[in-house]
Asker: 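Let me give you the structure first, and then I'll get to my questions.
Sequential numbering from 1 along the given sequence is applied to the chain's residues. Remember, it's 1-based here, ligands and their atoms both numbered in the order they're listed.
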Amino acid sequence: MNWLTDVNERARQRIEEISRLPVYRDRHLTLLTDLYQLTMMYGHFREGRHEERVVFDLFYRQNPCGNGYAITAGLEQVVWYLYNLRFSDADLAYLRSLNMFSDEFLQYLKNFTFHGDVYAIPEGTVVFPNEPLLRVEGPIVEVQLIESAILSFINHQSLIATKARRIVEAARTNDGHEDNPVIEMGLRRAQNVDASVFGARAAIIGGCVSTSNLMAAESYHLPVAGTQGHSWIQSFPSELEAFEAYASAFPDDTVLLVDTYDVLRSGVPNAIRVGLRLKEEGHTLKGIRIDSGDLAYLSKRARKMLDAAGLTETKIIASSDLDEYTIRDLVTQGAEIDSWGVGTNLITSIDCPALGCVYKLVAQEVNHVLEPRIKVSENPSKITNPGRKKVLRLYVDDHAVADLIALVDETYDPSEPLELFDPIHTYKRKVIQNYRVEELLVPVFQGGTLVYELPELPEIQARVEVQVEYFGSEIRRHLKPHGYHVDLSQPLWDLKQKLLHQWRGRRVAQSK
Ligand SMILES: Nc1ncnc2c1ncn2[C@@H]1O[C@H](COP(=O)(O)OP(=O)(O)OP(=O)(O)O)[C@@H](O)[C@H]1O
Ligand SMILES: O=P(O)(O)OC[C@H]1O[C@H](OP(=O)(O)OP(=O)(O)O)[C@H](O)[C@@H]1O
Ligand SMILES: O=C(O)c1cccnc1
């Protein structure tokens with residue numbers, strides 16, 4: 001077997017394995033698209049231009065949650081979707097029932113598969129506005145059909161991974177509490193099934209250590225964690241009996257929920273009784289969870305009580321509408337909290353419900369020549385960058401200094417000085433020397449064949465930890481971060497200006 005077929009075979013085996021995960025098994029999402037994709041496809045088919053090649057970029061325009069960057073996630077779902085994309089008999093019967101499409105077109109869809117090329121920035125990468133996170137090339141009908149689904153996958157998971165990163169970093173500011181883990185607990189408040197499972201996956205990418213969601217844990221082999229609900233405590237005649245029963249069932253894995261009645265007068269004293277009993281029997285009370293009230297005050301008092309009783313190893317877990325702001329504030333107040341259970345605000349990204357990725361046509365083949373395309377807007381920030389492009393990350397001394405969006409056939413010699421300029425305020429310029437270039441978009445599909453071996457989740461999570469270190473604290477801070485430079489190469493900038501002038505010329509001619 002030669003090198004290439006070996007890579008392809010491993011990529012195929014991995015996606016087959018992923019397709020069997022509980023979260024993907026028996027799923028069929030071909031009709032997870034907007035009607036207009038089908039009507040456009042039909043229009044292209046009728047015009048005989050359905051096989052014409054196009055290039056689309058997927059990108060976002062503004063960092064989510066006031067962050068200085070986003071973390072990419074969702075590529076695995078995109079790959080699974082494209083790999084399995086077929087119209088079933090039931091899909092075709094439904095489309096026929098709409099009385100909108102000809103038999104010929106439906107017959108054509110019967111043999112439909114994805115034949116395109118996809119280049120993508122791997123999951124767990126730090127990215128910035130306007131950078132193509134995916135570049136999709138292929139016959140216009142195929143590239144068009146997939147727009148809605150792939151946007152939904154990348155938008156959702158990248159958003160939650162970024163939100164999780166903010167929360168995890170806020171928790172890590174708690175110096176005295178070694179690793180400060182964040183546990184994802186959002187299932188009940190997520191916008192239903194996929195938002196909870198893929199949201200948990202994205203939360204792990206962002207740095208959460210475990211989830212309470214069993215389906216996510218089973219699918220992705222994640223550490224699963226849990227305590228008890230208030231109903232458990234309420235269902236016993238007394239809090240102490242509830243604690244005793246739970247500790248007897250799980251003597252080495254008990255975290256007691258102490259806020260059902262009165263944290264300091266009842267919950268913590270009862271937890272201490274159970275903790276001491278466990279200690280006598282050779283076990284350790286793992287933790288207590290405080291889920292209401294003043295978490296700073298209660299955690300400090302609880303810590304003192306636990307320590308005074310000799311239960312120094314018992315950890316304190318906090319939950320209750322936590323987010324990065326409350327966590328940071330609690331840390332500032334000196335709260336004695338060792339780990340954080342975070343649900344609603346993380347899984348829904350409550351202060352920023354959408355990332356806003358878009359998918360835009362940037363090139364089209366005409367008579368076998370690929371021509372760049374531009375989308376003009378009254379709002380200059382919405383004018384697209386035309387042509388087949390790559391994203392180059394430029395490093396000096398292992399520090400990311402700027403990203404450069406360039407045309408694919410451009411080459412750079414890092415031993416030569418490179419002048420970068422702000423694409424809007426072009427007088428702002430800087431020269432870099434002795435830099436290193438990393439090309440962020442990697443091949444994923446070529447001619448419909450999967451050529452990318454999807455990484456395991458721990459690898460993606462570890463990638464995030466490495467990635468963020470390349471950026472300065474001014475870009476990483478949570479409040480009003482400094483904008484990172486994402487520049488256009490000179491040839492791309494020139495091409496964009498040329499197309500804008502051509503468009504202006506046509507507009508003036510039409511108005512005469
Ligand atoms: N010391 C603190 N500083 C800042 N925020 C805190 C502090 N302690 C708790 N909080 C936050 O304040 C909010 C408290 O909300 P609220 O008073 O509605 O509910 P609660 O105390 O959890 O009680 P319940 O669950 O019974 O409604 C939560 O978001 C919690 O994370
Ligand atoms: O506050 P969040 O960040 O969303 O974290 C999840 C919340 O879900 C549970 O509460 P819930 O009242 O639903 O159930 P419970 O009675 O078991 O505590 C848990 O106790 C947390 O408070
Ligand atoms: O295990 C827990 O403590 C838990 C799980 C889900 C939601 N709230 C809490």
Asker: Could you tell me whether atom 30 (C) of ligand 1 has a protein heavy atom closer than 4.0 Å?
Answerer: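 Neighbour list for atom 30 (C) of ligand 1 includes protein heavy atoms (cut-off 4.0 Å).
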Asker: Considering only the protein, which heavy-atom contact is closest to atom 7 (C) of ligand 1, and what is its distance?
Answerer: Leu330 CD2, 3.7 Å
Asker: Closer than 3.5 angstrom, by distance alone: can the side chain of Trp340 be matched with the main-chain N or O of Ile327 as a donor-acceptor pair?
Answerer: no
Asker: Does Leu29 reach the side chain of Phe153, with side-chain heavy atoms less than 4.5 Å apart?
Answerer: yes
Asker: What atoms of ligand 2 come within less than 4.0 Å of a heavy atom belonging to Gly343?
Answerer: 2 (P), 3 (O), 4 (O), 5 (O)
Asker: Is Asp321 in polar range of ligand 2, meaning some N or O pair under 3.5 Å apart?
Answerer: yes
Asker: Could you check whether atom 21 (O) of ligand 1 has a protein contact, counting only heavy atoms that fall below 4.0 angstrom?
Answerer: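 Flag for atom 21 (O) of ligand 1 set to true, protein heavy atom closer than 4.0 Å.
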Asker: Under a heavy-atom criterion of less than 4.0 Å, does Leu298 contact ligand 1?
Answerer: no
Asker: Give yes if a backbone or side-chain nitrogen or oxygen of Ser292 is under 3.5 Å from a nitrogen or oxygen of ligand 1, and no if not.
Answerer: no
Asker: For the CG atom on Asn379, are there more than 12 heavy atoms of other groups (residues, nucleotides or ligands in this structure) within a distance under 6.0 Å?
Answerer: yes
Asker: Do any nitrogen or oxygen atoms of Arg289 come within less than 3.5 Å of a nitrogen or oxygen of ligand 2?
Answerer: yes
Asker: Of all the atoms in ligand 1, which lie at a distance below 4.0 Å from a heavy atom belonging to Leu322?
Answerer: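 Numbered from 1, ligand 1 contributes 31 (O).
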Asker: What is the nearest protein non-hydrogen atom to atom 19 (O) of ligand 1, stated with its residue, atom name and distance?
Answerer: Ser320 OG, 4.7 Å
Asker: Just to confirm my output: which protein heavy-atom neighbour is closest to atom 11 (C) of ligand 1, and how far is it?
Answerer: Thr326 CG2, 3.9 Å
Asker: Does the N or O separation between Arg188 and ligand 3 drop below 3.5 Å for any pair?
Answerer: no
Asker: Relative to the ring of Tyr484, is the ring of Phe128 parallel (under 30°), tilted (30 to 60°) or perpendicular (over 60°)?
Answerer: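 Aromatic pair Phe128/Tyr484 classed parallel.
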Asker: Backbone or side chain, does any N or O of Asp294 fall under 3.5 Å from an N or O of ligand 1?
Answerer: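 Yes, at least one N or O pair falls under 3.5 Å.
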Asker: For Asp329, counting its heavy atoms only, list the atoms of ligand 1 lying under 4.0 Å from any of them.
Answerer: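 This gives 3 (N), 4 (C) as the contact atoms.
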Asker: What residue and atom, counting heavy atoms only, is the protein's closest point to atom 12 (O) of ligand 2, and at what distance?
Answerer: Arg189 NH2, 4.0 Å
Asker: Under the side-chain hydrogen bond (donor to acceptor under 3.5 Å, both in side chains) criterion, do Ser319 and Asp291 qualify, and how do the steps go?
Answerer: CA-CA 5 Å; Ser319 54; Asp291 186 49; 2.7 Å; yes
Asker: Which word best sums up how the rings of Phe114 and Phe445 line up, parallel for under 30°, tilted for 30 to 60°, or perpendicular for over 60°?
Answerer: perpendicular
Asker: Thinking salt bridges, do Glu456 and Arg14 make one under a 4.0 Å N-O criterion?
Answerer: yes
Asker: Which of the numbered atoms in ligand 1 are under 4.0 angstrom from any heavy atom belonging to Ala296?
Answerer: 1 (N)
Asker: Would the number of heavy atoms belonging to other residues, nucleotides or ligands and lying under 6.0 Å from CD of Glu241 be above 12?
Answerer: yes
Asker: Once the angle between the rings of His485 and His482 is folded into 0 to 90°, is it parallel (under 30°), tilted (30 to 60°) or perpendicular (over 60°)?
Answerer: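 Ring orientation, 0 to 90° scale: perpendicular.
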Asker: Below 4.0 angstrom from a heavy atom of Gly226, which ligand 3 atoms are there? Numbered from 1 as shown, please.
Answerer: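 Close to Gly226: 1 (O).
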Asker: Should the heavy atoms of other residues, nucleotides or ligands under 6.0 Å from CZ of Phe236 be counted, would the total exceed 12?
Answerer: yes
Asker: Under 4.0 Å from atom 17 (O) of ligand 1, do we find at least one protein heavy atom?
Answerer: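 Given the 4.0 Å limit, the answer for atom 17 (O) of ligand 1 is no, no protein heavy atom qualifies.
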Asker: Could you check whether Lys286 pairs with Glu313 (Lys NZ or Arg NE/NH1/NH2 to Asp/Glu carboxylate O, under 4.0 Å)?
Answerer: no
Asker: Would you kindly specify which portion of Asp291 sits under 4.0 Å from ligand 1, judged on non-hydrogen atoms: side chain, backbone, both or neither?
Answerer: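 Backbone only; the side chain of Asp291 stays clear of ligand 1.
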Asker: Students should be able to answer this: which protein heavy-atom is nearest to atom 9 (C) of ligand 3, and at what distance?
Answerer: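 For this ligand atom, the closest protein heavy atom is Met185 SD, 3.5 Å.
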Asker: Of all the atoms in ligand 2, which lie at a distance below 4.0 Å from a heavy atom belonging to Gly229?
Answerer: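 Here the atoms of ligand 2 in question are 17 (O).
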Asker: Provide the number and element of each atom of ligand 2 under 4.0 Å from a heavy atom of Ser320.
Answerer: 1 (O)
Asker: Any chance the side chains of Tyr246 and Gln228 put a donor and an acceptor closer than 3.5 Å?
Answerer: no
Asker: Do Arg201 and Glu123 meet the salt-bridge criterion of a basic N to acidic O distance under 4.0 Å?
Answerer: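 Result for this pair is yes, salt bridge flagged.
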Asker: What protein heavy atom sits nearest atom 3 (N) of ligand 1, and how far off is it?
Answerer: Gln333 NE2, 2.9 Å
Asker: Heavy atoms of the protein only: does one fall short of 4.0 Å from atom 13 (C) of ligand 1?
Answerer: no
Asker: At a 4.0 Å cut-off, with the gap strictly under it, does some heavy atom of Asp291 reach an atom of ligand 2?
Answerer: yes
Asker: Flag the pair Arg135 and Asp57 as a salt bridge only when some basic side-chain nitrogen lies within less than 4.0 angstrom of an acidic carboxylate oxygen.
Answerer: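 Salt bridge between Arg135 and Asp57, a charged N being under 4.0 Å from a carboxylate O: no.
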Asker: List ligand 2 atoms under 4.0 Å from Thr344, heavy atoms only on the residue side.
Answerer: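 Reading through ligand 2 atom by atom, the close ones are 2 (P), 3 (O), 4 (O).
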Asker: Do Gly293 and ligand 1 have an N or O pair less than 3.5 Å apart?
Answerer: yes
Asker: Counting heavy atoms only, name the option from Glu184, His230, Arg188 that's nearest to atom 14 (O) of ligand 2.
Answerer: Arg188
Asker: Below 4.0 angstrom from a heavy atom of Thr227, which ligand 3 atoms are there? Numbered from 1 as shown, please.
Answerer: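 Those qualifying, in numeric order: 1 (O), 2 (C), 3 (O).
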Asker: Report yes or no: does Asn63 contribute a side-chain atom to a donor-acceptor pair with the main-chain N or O of Gly66 at less than 3.5 Å?
Answerer: no
Asker: What atoms of ligand 3 come closer than 4.0 angstrom to any heavy atom of Ser212?
Answerer: 5 (C), 6 (C)
Asker: Distance from Ile167 atom CD1 to Asn345 atom CG, nearest 0.5 Å?
Answerer: 7.0 Å
Asker: Any N or O of Leu295 that comes nearer than 3.5 Å to an N or O of ligand 1?
Answerer: yes
Asker: When you check the gap from the basic side-chain N to the acidic O, do Glu280 and Arg277 get nearer than 4.0 Å?
Answerer: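 Looking at Arg277 together with Glu280, the answer is no, because their closest N to O distance does not fall below 4.0 Å.
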Asker: Are more than 12 heavy atoms, taken from residues, nucleotides or ligands other than Met215, located less than 6.0 Å from that residue's CE atom?
Answerer: no
